[in-house]
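This report concerns only the one structure given below.
Because the structure is a prediction, the values reported are computed rather than measured. Lettering follows sequence order; numbering is per chain, from 1. Below, each value reflects all heavy atoms present in this structure, side chains not excepted, and no hydrogens, waters or symmetry copies.
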Amino acid sequence: MRTPISYFLVVSVLLFTVGTVGVLIRKNALLIFMSVELQLNAVNLALVAFSRQLGNLTGQVLAFFSMVVAAAEVVVGLAIIVSLYRKRRSADVDDASLLRG
Amino acid sequence: MLALSILAQAPPATPQTATGHGPLIFTPVAPELILVGVALILLLYDALEPQRPHLALALATLAGIAGAAAYSVYLWFWVQRPDSPSSVLQGMVAADRFTVFFRLVILGAAFIATLLGYLYLERAGEVRGEYYPLLLFATAGMTLITAANDLIMVFLALEILSLSLYLMTGFSLRRLASAEASMKYFLLGAFSSAFFLYGIAFAYGATGTTNLPAIAHKLSGQVGPLALALGATGLLTVGFAFKVAAVPFHMWTPDAYQGAPTSVTAFMSAGTKVAAFAAFLRVFDVALSPLVWDWKPFVWALAAITMVVGGVLAIAQTNIKRMLAYSSIAHAGFILVGVTAASRQGIEASMFYLAAYAAMIVGAFGVVMLVSVRGERNLNFSSYAGLARRDPFLAAVLAVFMLSLAGIPPTAGFIAKVSVFEAAVQAGHWPLVLIGVLTSVIAAFYYIRVIVLMYMQEYLPGQEETEGLGREPVGRIAVAIPALLTLLFGVFPGVLFGLLKAASVIRF
């Protein structure tokens, strides 16, 4: 018996919500970034679930693309966060208050 | 050149569908191939040759952009051939004049930004070779997104341009503000990408495809759960609103624009907005056209809030880069007015607005960069007092851009505003037009203030550095071209509207 797609979608929506809330309430840049990764994984889950439901492979291919993009994002994102950390000795986004107004 | 001639002789097209297996035709993506090719060569050259002259990198970049632009002009005629397909590469890339028009606008902005970038790096003493490949990659992402005919392609192109721009924003290693801007831009950009991708997943779940025309086809037949389609529309709207910097998704814009090196700000303020709006228009007016009555109220509200908030917040700024950033937010609102109209006229007006906006914002940031002398200085309004006496040319050029941003004739900004308002009235959105006109009046205040400062206030010596105030001819040319275009489109808008008549048709 196949598990109904709604199960996967509920998990996906929950994961995405956890990620969104994490981005909004976390103060550490790395943790915010990890929350974004959680959102992307929620998307991947939804894509693969839809792909299985619809019986075509577009969703799974798209999930691969999203993984590659997430990996590229990690490369760029960690470089940016580390370079800021080296200058300021802190990865707290509340300390980043030079630009405001 | 060999590669180019092979591309030009692509085999004659056969009718091709989204799922068919026709021959691979690379002609419509040749401009991107040229840009990426030059970027890769420069990346290698910079890594292998530590003593490379800075000028060579800049000239190669300019040549690559000019080559891509020349090929785009060829494409303008190629897509009208009776045997050319409307989309290539399994329906991934659209081949129509809509994309060629936007490509030329973006490539123009990139050309000016390269000139400005060369000067900025020289003056700030931050000559590092990565700048040019990153700029070319970002440009390739921007031009590719205008041609994207599939949500996968839209997403990938969006990431190509975003990832390059995050790095360019943080290019000044010595300035903390640059790194900080880069981090904020990155975190919020990645956050918005996640929403965008979730929207794609929902659209796929609702229709079983990611191809834009196929989505429209499925949706108009009301096949599949509509709730998913509406969720997709909402998430895609949020994703695009982040990228075009519409309120309430604009928080990153002032910080990123202020912290980034000014030459990068000039590039991304024009390029990102044009590219994101091109994709916005295509996704919403092609794929989601069957849901037009569902997304219209949201985009309507976004346009109204964006115009008001962007316009009002700009008044309080004392830093000119920040002021221009809020002004670019307000302009996103005006362009959304054209998108809301969801008609041929609305698309045409938005396209005109984007071309005019690109010219004036690149130019305005260009002048700001020249007045900064070295790196990031003289950014307060007080530095502009009496500029007309110290440097009449820069003052005159900046005055043209300010008048155009305010929407005062005879500049392109005026025609652009009139045309989006006209399209909105035709579509029955007169309250939106009323809000737009009122915010334009408010906005005129802070644009005119700059002109008053430059022309009617005395320059107090010793207030800021002025030696070498942008005397290099490169900088002068880089701001003179957009100024001339701003006036040209303002006095003879027919030139551009003639092209738009042919370009505003999205083929599918």
Pick from A:Ser83, A:Ser66, A:Ala46, A:Gly77 with the largest number of heavy-atom pairs that fall under 4.5 Å of chain B: A:Gly77
Just wondering, are more than 12 heavy atoms of other shown residues or ligands nearer than 6.0 Å to CZ in A:Arg26? no
Counting heavy-atom pairs under 4.5 Å to chain B, which of A:Ile5, A:Ile81, A:Leu47 comes out on top? A:Leu47
Counting only heavy atoms closer than 4.5 Å, note whether B:Ala181 contacts chain A via side chain, backbone, both or neither. both
Side chain, backbone, both or neither: which part of B:Phe155 has a non-hydrogen atom closer than 4.5 Å to chain A? side chain
In this structure, are over 12 heavy atoms from other groups packed under 6.0 Å from B:Met251 atom CE? yes
Checked A:Leu62, A:Val68, A:Leu40 vs chain B; the most non-hydrogen pairs under 4.5 Å come from A:Leu62
Nearest 0.5 Å, what's the CG-CG distance between B:Leu197 and A:Asn44? 7.0 Å
Euclidean distance, A:Ile32 CD1 relative to B:Met183 CE, rounded to 0.5 Å: 7.0 Å
Closest approach of A:Ala72 and B:Leu163, non-hydrogen atoms and distance? CB-CD1, 3.8 Å
Most heavy-atom pairs under 4.5 Å with chain A, out of B:Leu167, B:Leu313, B:Leu176, B:Leu151, belong to B:Leu176
What part of A:Val13 is in contact with chain B, defined as an atom under 4.5 angstrom from a non-hydrogen atom: side chain, backbone, both or neither? both
Verdict with reasoning, B:Leu156 to A:Val69, per side chain to side chain contact (heavy atoms under 4.5 Å, CB included): CA-CA 8 Å; B:Leu156 288 179; A:Val69 167; 3.7 Å; yes
Has B:Arg449 got more than 12 heavy atoms of other residues, nucleotides or ligands less than 6.0 Å from its CZ? yes
At a 4.5 Å cut-off on heavy atoms, which part of A:Thr20 comes close to chain B: side chain, backbone, both, or neither? both
If you define the side chain from C-beta out and look only at heavy atoms, does anything of B:Tyr185 sit under 4.5 Å from A:Ile80? no
Verdict with reasoning, B:Phe186 to A:Val36, per side chain to side chain contact (heavy atoms under 4.5 Å, CB included): CA-CA 11 Å; B:Phe186 166 74; A:Val36 171; over 6 Å; no
The reported gap from CZ in A:Phe64 to CD1 in B:Ile152 (rounded to nearest 0.5 angstrom) is 12.5 Å
Determine whether the aromatic ring centres of residues A:Phe16 and B:Tyr198 are separated by less than 6.0 angstrom. yes
I'd like to know which of B:Ile200, B:Leu173, B:Thr209, B:Thr318 tops the heavy-atom pair count under 4.5 Å against chain A. B:Leu173
Should A:Ser51 and B:Tyr204 be marked as a side chain to side chain contact (heavy atoms under 4.5 Å, CB included) after you check the CA-CA gap, both sets of side-chain angles, and the distance that decides it? CA-CA 9 Å; A:Ser51 182; B:Tyr204 169 66; 3.7 Å; yes
Within a 6.0 Å radius of atom CZ on B:Phe381, are there more than 12 heavy atoms belonging to other residues, nucleotides or ligands? yes
Hey, what do you get for CG (B:Asp150) to OG1 (A:Thr58), rounding to the nearest 0.5 Å? 8.0 Å
Closest heavy-atom pair, B:Ala194 versus A:Val43, reported as atoms and distance to 0.1 Å, is O-CG2, 4.0 Å
